[in-house]
Amino acid sequence: MTAEPRPQETLANLSTEDRRFEPPADLAANANLTAEAYARAEADPEAFWAEQAGRLDWAQPWDRVLDWDNPPFAKWFVGGRINAAYNCVDRHVEAGRGDKVALHFVGEPLGDTRDITYAQLKDDVSRAANALTELGVTAGDRVAIYMPMIPEAVVTMLACARIGAPHTVVFGGFSSDALASRLEDCQAKVVVTADGGYRRGAASALKPAVDEAREKTAANGHTVEKVLVVRRTGQDVAWDDAVDVWWHEAVDAASSEHACEFFDAEHPLYVMYTSGTTGKPKGILHTTGGYLTGAAYTHWAIFDLKPETDVYWCTADIGWVTGHSYIVYGPLANGVTQVLYEGTPDSPERGRWWDIIEQYKVTIFYTAPTAIRSFMKQGREIPDKRDMGSLRILGSVGEPINPEAYIWYRHVIGGDRTPVVDTWWQTETGSIMISPLPGVTAGKPGSAMTPIPGVGADVVDDEGHPVPNGSGGLLVLTRPWPSMLRTIWGDDDRFVDTYWSRFKEQGYYFAGDGAKKDADGDLWVLGRVDDVMNVSGHRLSTTEIESALVSHPKVAEAAVVGAKDEDTGQAVCAFVILREEAGDGGSDIVAELRQHVRKEIGPIATPRQIMVVPELPKTRSGKIMRRLLRDVAENREVGDVTTLADASVMNLISSGLSAGK
Ligand code: 6R9
């Protein structure tokens, strides 16, 4: 049954959420995947995955779908030969779709737009492939990419794939230290960068960080041989003739003819570093055939993609896995037209995203809950001024989406026409694993619902037994899947330890997330297990309490951490940002919010402390860095802030707190 949308102020939390949204009838009638796919995939997963691999063009077909003889080291589509760039570009041109727009590039400066067709993209990728070869890159060499969200970043990734050189994209907001450690870990031979990029109306520099990182790696004995530099902002850059090469000289002069070589299905495609909770970042290795199969299939199935008519937009950065699978590899393998946006959501003004949707008539939109909540904070007047009637499917990724944010997204952005697909996956999984299907599933706000056809997932207890409906436990994937990580770069032992040792006996992949099954057996991801608190022996989810806080009409955003407590083991500490219209919240705001959580979840969840703050510390991919908030809550010196999108946020929080005391 489709529930009436309720106003955003309505109280709701994960425990009492009972709204359901059926798929729109016309979408269901024309859906790419229907309910029958679940049983078919379950009956013979390998046959199902082989069918999905058939979406791609192979130079040589595989002789074996899965080699799982030496678990957890998987080989998919054994013996097959394929080129990822050929599949993302050439084959569309060869099929007569060369004039179709691949990328509607929207730069941050107003009016800085460029449409790039598949035929142009093919020429650009070929030129870049020739230029990289000229710089000495051969199959197997690693190329680091440290760039803003501009077409050249996409072109470089595909050029690397085309010549079999695994890329490692390092987010442009990362520091030179973070860049240096990644360059060293994967021994990158070449770095592709830009002089800078645009952020919030100003040019910010990138090249100096590359210079610094190169010095640091040199001091540790690793030489980056060449740096290829795109001129984006025109700002002054230091130049070393022996190393630095301008893109507009090397690439523009290169030939647009490039015969592509086909590689083994298991040839490394890329390494993506994840921000591990502690210690050295993990270089997650993805290979070609299986990864591309997973990205193309899920993008087609979960967004019900109609490549002829859809205009797709994913707001992720390509420095994040979502940008890899759902800007570059999935959408381009599927030949859709998409928007590529360089900037921030609110520059030069707050309606920028909605203007882009209106202008390009975007039909499928994929973003993160953190963005949705910040728009909620600004109020619906801004999106309401735009016509977003083109939208037909909305996606969410990156963290659990609170029911309130889901409802607002569906209601205000989607005009109540659009299913919301809450997609659970990880850098390690390569593609979406758990999600509703927009033409099949009656969505529940806040639930990622069920594993998609082909994927096996479950929630288990500490011994690895599936928990009954109505209970919580640990999220596992129960069988291998094509886009699974193959190892951690250079560290097979850590790969086995981190993901496969906890449920070794069962052979399950341990995702590191807590989850619960509701009465219907649908899955609710509760967040990282290290974000699950234990208060007086009770398991409490940070997400659940955050949801309760956000359901209060005065609260825009909330982050909850468990801080050490003498009495209860851990205590709940909450950081909240108030909605603009709530002003300072009034003198009783803290008591009011504590009472609210008490009422919503129960006395056990009542925060010991609630701190009203102007901002929350977030990574570039929008994840709240709870580790830093835990430092504040436990009165420690704040730890490493290098992966924060904006490192000054912690000062803002600390100074705000001391001023308020
Ligand atoms: C794609 C991506 C992975 C972690 C994952 C989980 C959280 C992602 C989620 C979600 C609840 C969702 N996560 N999607 N939690 N619901 N729909 O985000 O990859 O950066 O590797 O993060 O993000 O905790 O384990 P990555």
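As the structure lists them, so they are numbered: ligands from 1, and atoms in each ligand from 1. For the single chain, residues carry numbers from 1 onward in sequence order.
Looking at Arg486 and Phe73, their side chains never come closer than 4.5 Å, going by heavy atoms from C-beta outward. For the pair Leu549/Val560, a side-chain contact is recorded, criterion being any heavy-atom separation below 4.5 Å from C-beta on. Contact of the Ile434 side chain with the Trp425 side chain is not registered, since no non-hydrogen atoms from C-beta on lie closer than 4.5 Å.
Close contacts of ligand 1 with Thr322, meaning ligand atoms under 4.0 Å from a residue heavy atom, involve 1 (C). Residue Val321 approaches ligand 1 through these ligand atoms, each under 4.0 Å from one of its heavy atoms: 1 (C), 19 (O). In the vicinity of Val397, heavy-atom distances shorter than 4.0 Å reach the ligand 1 atoms 1 (C). Within ligand 1, counting atoms from 1 as listed, the ones closer than 4.0 Å to a heavy atom of Thr423 are 9 (C), 12 (C), 14 (N), 17 (N). Close contacts of ligand 1 with Trp320, meaning ligand atoms under 4.0 Å from a residue heavy atom, involve 18 (O), 20 (O).
Listed for the Ser374 side chain is a donor-acceptor partner under 3.5 Å among the backbone atoms of Ala371.
For the pair Glu428 and ligand 1, the shortest N or O to N or O distance does not fall below 3.5 Å.
No option in Val421, Val455, Thr298 other than Val421 meets the side chain to side chain contact (heavy atoms under 4.5 Å, CB included) test with Ser435. If you run salt bridge (Lys or Arg N to Asp or Glu O under 4.0 Å) between Lys444 and each of Asp520, Asp18, Asp422, only Asp520 comes through.
Counting protein heavy atoms only, atom 11 (C) of ligand 1 is closest to Pro400 N, 3.1 Å.
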